[in-house]
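Here is how names work: the chains are called A, B, and so on, in the same order as the sequence lines, proteins then strands, and each is numbered from 1.
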Amino acid sequence: MPELPEVEVTKQGIAPIIEGKSISDVVIYDGRLRWPVPINLKNILCDQKVRLLRRRGKYILFEFDHGTMIIHLGMTGVLRIQEKTEPARKHDRVEFHFGKKVLRLHDPRKFGSIHWHPLSETPVDEIPMLKRLGVEPFGPAFEGALGAELLFKKSRSRTVSVKEFLLAGQCVVGVGNIYCSESLFTAGINPKTPAGKVSFKRYELLAESIRVTLEKAIEAGGSSLKDFVNSQGEPGHFMVQTKVYDRTGEPCHQCQSLIKQIKQGQRSTFYCSNCQK
DNA sequence: AGCTCAACCTGGCTGC
DNA sequence: TGCAGCCAGGTTGAGC
């Protein structure tokens, strides 16, 4: 479920509730996520104050005085603030108590993860997991012409399709499978084009499309594909307006041609073969 | 370094 | 109704 907009909406939803608050308890219902949840998480976090919440790519960073907890939502993870009196549900994996409130990680497929990085000589942004990430789409390094320059330079001599190149996130983070198809449609680029063959002019269009697509999705409260709900349990509304994603066989809004679906790198891609050349 | 593909796991939908 | 098979928002790690 979560691509950058959903993660950002989640972060914005829970930050005001927990920033500056101390964790009173940690309960692990099932720690077998993408990687095992640290078994001593309760000892690490109890009575510690969440100083700041921030996002890096699709990771949410919880900063404490003595280290950083890094949560990834995987494919189906949801972080939600609830009253402690509300009973935990099936697939609730871990919960963090803040007095009467509780922050729950609900994740049916268990592709999410929780890491702990103690304060050390290595800044958290320098650990391998975060260091290999591309730049932030709303950060200074992707602003204006810089975004296109980055995409263009990093793609020279690359033979993979522009869809897979973008989705890999080594250039710019946060463009998952939905917004990747959407951005390429808006930029009028055929997803099968080798990344190294895309012109600078077209990367200018793509960089702008990425920024606009993600921004609109955040404003709309995140995608509502299947089961996305924000931190208050409300669904997003982006899916009602996707241009190509999940619209196989339906008419293109621009030219009425039927939207096609193909597989690229084990993932589905949706596009209009008439509008995207 | 870049590429391709399998793997992690559960639930929902389709088709027989 | 039951069941097999396929699909799904992400990312790592192995093998070439």
Main-chain N/O of A:Arg93 paired to A:Arg104 side chain as donor or acceptor, under 3.5 Å: no
Distance, P atom - from C:dC7 to B:dC5, rounded to whole angstrom: 15 Å
Sugar-phosphate, base or nothing in reach of A:Tyr59, heavy atoms under 4.0 Å: sugar-phosphate
Whole-Å P distance, C:dT11 and B:dG11: 22 Å
Short side-chain N/O contact to B:dG11 OP1/OP2 from A:Lys90, under 4.0 Å: yes
Pair A:Asn177-A:Lys163, side-chain donor/acceptor within less than 3.5 Å: yes
Between P of C:dG9 and CD1 of A:Ile60, the distance in whole Å: 20 Å
A:Leu45 backbone acceptor or donor facing A:His66 side chain under 3.5 Å: no
Atom pair distance, as rounded to whole Å: CD in A:Gln170 and C1' in B:dA1: 10 Å
Length of the CG-C1' vector between A:Leu130 and C:dT11, whole Å: 13 Å
Gap between atoms NZ and C1', on A:Lys110 and C:dT12 respectively (whole Å): 18 Å
N/O donor-acceptor pair under 3.5 Å between A:Arg55 side chain and A:Gln12 backbone: no
Main-chain N/O of A:Ser273 paired with A:Lys277 side-chain donor or acceptor, under 3.5 Å: yes
Rounded interatomic separation in angstrom, taking CD1 from A:Ile262 and P from C:dC7: 15 Å
Just the table, please: protein N/O against nucleotides 3-7 of chain B N/O, every pair under 3.5 Å.
residue: B:dC3; atom: OP1; partner: A:Thr159; partner atom: N; Å: 2.8
residue: B:dC3; atom: OP1; partner: A:Thr159; partner atom: OG1; Å: 2.8
residue: B:dC3; atom: OP1; partner: A:Val160; partner atom: N; Å: 3.4
residue: B:dC3; atom: OP2; partner: A:Arg158; partner atom: NE; Å: 2.7
residue: B:dC3; atom: OP2; partner: A:Arg158; partner atom: NH2; Å: 2.4
residue: B:dA6; atom: N7; partner: A:Gln266; partner atom: OE1; Å: 2.9
residue: B:dA6; atom: N7; partner: A:Gln266; partner atom: NE2; Å: 3.3
residue: B:dA6; atom: N6; partner: A:Gln266; partner atom: NE2; Å: 3.4

Protein-nucleotide distance (A:Arg109, atom CZ; C:dG9, atom P), rounded to Å: 8 Å
N/O (side chain, A:Thr76) to phosphate O (OP1/OP2, C:dA8) under 4.0 Å: no
Single-linkage hydrophobic cluster A:Val94~A:Phe98, side-chain heavy atoms < 4.5 angstrom: yes
Contiguous pairing runs of three or more, Watson-Crick or G-U under 3.5 Å, that involve DNA chain C: B:2-8 with C:10-16, B:10-16 with C:2-8
Closest to the A:Arg132 side chain, choosing from C:dT12, C:dT11, C:dG9: C:dT12
OP1 or OP2 of B:dC9 under 4.0 Å from side-chain N/O of A:His91: no
Closest to the A:Asn177 side chain, choosing from B:dT10, C:dA8, C:dG10: C:dG10
Expected output: side-chain A:Lys243 to main-chain A:Phe185 donor-acceptor under 3.5 Å: no
No-hydrogen, no-angle side-chain donor-acceptor test under 3.5 Å, A:Glu182 and A:Thr213: no
Upstream residue (5' side of DNA chain B) when A:Lys154 and A:Asp30 are each assigned their closest nucleotide: A:Lys154
Atom P, compared across B:dA6 and C:dC6: separation rounded to whole Å: 14 Å
Atom-pair distance (CD1 on A:Ile70; P on C:dT12), nearest Å: 12 Å
Aromatic plane relationship, A:Tyr245 with A:Phe270 - under 30° parallel, 30 to 60° tilted, over 60° perpendicular: perpendicular
Polar side chain donor-acceptor pair, A:Asp107 to A:Thr76, under 3.5 angstrom: yes
Under 4.0 angstrom between A:Tyr179 side-chain N/O and C:dG9 OP1 or OP2: no
ring centroid sep under 5.5 Å plus plane angle under 30, A:Phe111 with C:dT11: no
Spacing of A:His72 atom NE2 relative to C:dT11 atom C1', expressed in whole Å: 7 Å
